[in-house]
> 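This is the structure, below, for whatever I ask next.
For the numbers below, each heavy atom of this structure counts, side chains included, while hydrogens, waters and symmetry mates do not. Here is how names work: the chains are called A, B, and so on, in the same order as the sequence lines, proteins then strands, and each is numbered from 1.
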Protein chains: 4
Amino acid sequence: MNSRSPGLVRDGSRANEVAILRAALEAFGAKGFHGASMRDVARGAGTSLSNLYNYFPAKSQLLAELLRLANDELLARITEAVSGAGERAADRLRAAIAAHVAFVVDHQVESLVALSEVRYLAGVAREGVVAARDSTQNIYERIVADGVRDGEFRTPYPDDAARNIVSLCSAIATWYRPGGRLSKQDLGEQHARYALALLEAELPPARSGKGAGR
Amino acid sequence: MNSRSPGLVRDGSRANEVAILRAALEAFGAKGFHGASMRDVARGAGTSLSNLYNYFPAKSQLLAELLRLANDELLARITEAVSGAGERAADRLRAAIAAHVAFVVDHQVESLVALSEVRYLAGVAREGVVAARDSTQNIYERIVADGVRDGEFRTPYPDDAARNIVSLCSAIATWYRPGGRLSKQDLGEQHARYALALLEAELPPARSGKGAGR
Amino acid sequence: MNSRSPGLVRDGSRANEVAILRAALEAFGAKGFHGASMRDVARGAGTSLSNLYNYFPAKSQLLAELLRLANDELLARITEAVSGAGERAADRLRAAIAAHVAFVVDHQVESLVALSEVRYLAGVAREGVVAARDSTQNIYERIVADGVRDGEFRTPYPDDAARNIVSLCSAIATWYRPGGRLSKQDLGEQHARYALALLEAELPPARSGKGAGR
Amino acid sequence: MNSRSPGLVRDGSRANEVAILRAALEAFGAKGFHGASMRDVARGAGTSLSNLYNYFPAKSQLLAELLRLANDELLARITEAVSGAGERAADRLRAAIAAHVAFVVDHQVESLVALSEVRYLAGVAREGVVAARDSTQNIYERIVADGVRDGEFRTPYPDDAARNIVSLCSAIATWYRPGGRLSKQDLGEQHARYALALLEAELPPARSGKGAGR
DNA sequence: AATGAATGAGTGTTCATTCAT
DNA sequence: TATGAATGAACACTCATTCAT
């Protein structure tokens, strides 16, 4: 124990853990969970294959941790955004979607991996991740229910709307490329409007929404 | 089919090919492309491992053929549905979505695999599949453009609407379970309304759309 | 299938299986079950590592098959020897021990491996092998019981005698070297006399038994 | 133990060494030398993996020390027992066997490991252990030779008798379970009689030796 | 004496694919 | 067309051991 720089060793350890997680993320993102090997991860993390196992006891736990982190972060961001939004359902929805879209754009690979590799999780790990995902969707469901109750949303299909809104936001991860036509904020506004329209909310008249003309 | 015809061998051959494709579909659907092995496919098809290679020269071509078939079929169904629909964009959209949703429900595994395993296609195979997928999306884009031109759709974001509509339809494959609350037709109507709402079309007042109440 | 030399392929297959079993026997004998690797076995069998798995699905099954063969053969030899022996218990014991010792000498490595590596067998395989071993010991127990009943054996401890006789015979595998002082037959006679003495049978006066002097 | 004494550190050290040896014994006993890992030992000893190497420079030396201790203890016990016994060979044999059997029962795992894992010792360590084992057997050989010289033992095979007597005693480790039919003393008497009978000594008429009836 | 991190060789096993028939 | 045997590379993971502290 280095008594003069407390935490340094642990920090080094943490740093390694982070490097491994980052490498795993890249590997799983590029080749998929089964397509990526622990050797890929080790190479990406700049460590030896066997040392990986000092940090994560199994490949599956690497995925589990990755998804747990991503889903928790997403949930936290949306929760916070909603808590800071106004009373009206439309406002809360706008806040949620802005946070959601921002997360997907900021963490595209995490989002992609969370979307496409959950299926390879098993057991407790799966349940935890699914729970976080459900929590996220629940936020939308509550907003939708409130909006319907208050007469803000008039969709005849409120029960399935939340899921579809989540789908729309998640799907961004599958095609987004940085530097595209729309900025992160633009994308957020766009998706908020898509969502509100889908819910059959009252909308301000369309003006010159970016991406409108060709 | 005709046991006297000289085509019998070919038919047997065809039968085998179909069995192999079906087995590959199930395997890829259950475990993912990289998670499923050629042995899994052979077992599922009831043939020997090595005989697989008499029909498909590589695992990747199994996936390619699978995706080609699925995308072509989807494209054909939507194309036909649209061609038989009315003049108005909303009508054509309804027809397209009905066909689309029906395909996803009828061929859920195909849809799921097409959604999640395209990434493992490379080279020409990929291009072919991507082309078919683009053709499908183009149909929606044309409808959207027409609707906007005719004043039916008032969304400020017409350029990205088609992609999102496709997303909504495709996403059904990720959660649908036969025998659920909504029938195939219900789902089609629901998604058509979601899409039209998203496009900010004029909509009939919501009545008692299934799934509305609890 | 080669229709002109039926069985050739299977024979080749059999030959390979035998070569693998032989190599496994040598490897397990030399280094123990856990000390020997499948690569050792493959090298010894003159085939590739992966091809081993076309014949035996797991290392443990190699051991299981080895032990099954050895124990069955031993049981068969002793059974046959006893069935061809006289009525008197001493005669049957002599026959059993002669066969037993001959087997151990003829198949020293098998005997050694059967003795020291059974513990690494698990599940059904273990039960099968243990059953065969018990059957062998049962033969001795029956002979002992008969001899006691007939007054041939006067040991006060007949219940544990059979196990100890088996021990004496098995132990040969741990020290025997071909070309030693005693021939296979000598060893058999010696152990028969040891066993009869242990059972406190009436014995002919000792003459010049080999190994008596120095 | 004595917290004030300067020997505390050494005692702690000793305590650790003992814990490690005990853990190694259990691990090797349960899984065999090659089947047990240094991690198993560390876990069992309640210390870290790397700290093991402060006490034993290699896995093999753990085994060596274990076997040395066991064989030395056995040798010491038998030596002492014999030295306190009478003049007659039969009496010395009885004493030796009583001590031998008691050791095997008291230290079953040590005995088992000594029996089955010696083969994995190499070099000097092996020689030391083999020497101790030979010393033990030599005691028996001397007794046998004396008994033969004095006419107490009339076996025609005196040269191999000692080894077999040792075998009989060692074999107890392979099947003994505490709480069985025979006590430690019973087992000792039983094996003494087996041994004397095997040597063709004059024996008192069998009475009701435990384990005789059913 | 004690630790956690690290390593390189090695483990049993499976992979997609090819070969001979 | 169909098979079983074969292969070499790769897989996830564990090993005994060492290093820095």
> Any side-chain N or O of Asn16(A) under 4.0 Å from OP1/OP2 of dA6(E)?
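Indeed, a polar side-chain atom of Asn16(A) lies that close.
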> So that I can tick it off, tell me whether Arg68(C) and Glu110(C) are bridged by a salt bridge, with the cut-off set at under 4.0 angstrom between side-chain N and carboxylate O.
no
> Mind checking who dC19(E) pairs with, Watson-Crick or G-U wobble, both distances under 3.5 Å?
dG4(F)
> Using modelled atom types and a 3.5 Å cut-off, is there a donor and acceptor pairing between side-chain atoms of Gln108(A) and backbone atoms of Ala173(A)?
yes
> dA9(E) P sits how many Å from Met38(A) CE, rounded?
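About 19 Å, once rounded to whole Å.
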> I'd like to know if the side chain of Asp40(D) reaches the main chain of Ala36(D), judged simply by a donor and an acceptor atom lying under 3.5 Å from each other, with no hydrogens or angles considered.
no
> Salt-bridge test for Glu117(D) and Arg119(C): reply yes if a basic N is under 4.0 Å from a carboxylate O, no otherwise.
yes
> Check the distance between dC19(E)'s C1' and Asn51(B)'s CG and give it to me in whole angstrom.
14 Å
> Measure from CZ on Phe56(A) to P on dA6(E) and round the result to the nearest Å.
12 Å
> Under 4.0 Å from OP1 or OP2 of dC11(F): is there any side-chain N or O of Ser37(A) that close?
yes
> When the distance from CD of Glu17(C) to P of dA5(F) is rounded to whole Å, what number comes out?
10 Å
> Is it the case that the base of dG8(F) and the side chain of Ser50(C) share a donor-acceptor contact (distance under 3.5 Å, atom types as modelled)?
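Result: at least one qualifying N/O pair found.
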> For dA1(E), give the paired nucleotide (Watson-Crick: N1-N3 plus N6-O4 or O6-N4; G-U: N1-O2 and O6-N3; both under 3.5 Å), or none.
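Here dA1(E) is not engaged in any pair, so there is no nucleotide opposite it.
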> Does the side chain of Thr47(D) get closer than 4.0 angstrom to OP1 or OP2 of dA2(E) through an N or O atom?
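For Thr47(D), the contact criterion (side-chain N or O under 4.0 Å from OP1 or OP2 of dA2(E)) is not met.
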> According to a strict under-4.0 Å criterion, is Tyr55(C) in side-chain N/O contact with OP1 or OP2 of dA6(F)?
yes
> Can you find a donor-acceptor N/O pair under 3.5 angstrom joining the side chain of Asn54(C) to the base of dA5(F)?
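No pair found.
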> Taking atom types as they are modelled, would you say the side chain of Arg39(A) forms a donor-acceptor pair with the base of dA10(F) within the 3.5 Å cutoff?
no
> Using whole Å, report how far CZ of Arg14(C) lies from P of dG4(F).
16 Å
> Over how many whole Å does the gap from Tyr53(C) atom OH to dT11(E) atom P extend?
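To the nearest whole Å, that distance equals 11 Å.
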> Taking only the side-chain nitrogens and oxygens of Ser48(A), find out if one of them lies under 4.0 Å from OP1 or OP2 of dG8(E).
no
> When you measure from the side chain of Lys31(D) to the backbone N and O of Tyr120(C), does any donor-acceptor pair fall under 3.5 Å?
no
> Does the structure show a Watson-Crick or G-U wobble partner for dA12(F), both distances under 3.5 Å? Name it, or say none.
dT11(E)
> Name the nucleic acid region contacted by Ala36(A), choosing base, sugar-phosphate or nothing; use a 4.0 angstrom heavy-atom cut-off, strictly under.
sugar-phosphate
> Can you tell me how far P of dT14(F) sits from NZ of Lys59(D), to the nearest Å?
15 Å
> Under 4.0 Å, counting only non-hydrogen atoms across every strand here, what does Leu49(A) touch: a base, just sugar-phosphate, or nothing?
base
> Rounded to the nearest angstrom, tell me the gap between atom CG in Asp40(B) and atom C1' in dT14(E).
11 Å
> Can you confirm whether Arg22(B) is buried at CZ, in the sense that more than 12 heavy atoms of other residues, nucleotides or ligands lie under 6.0 Å from that atom?
no
> For Leu52(A) and for Ala58(B), find the nucleotide of DNA chain E with the closest heavy atom, then tell me which residue's nucleotide is more 5'.
Leu52(A)
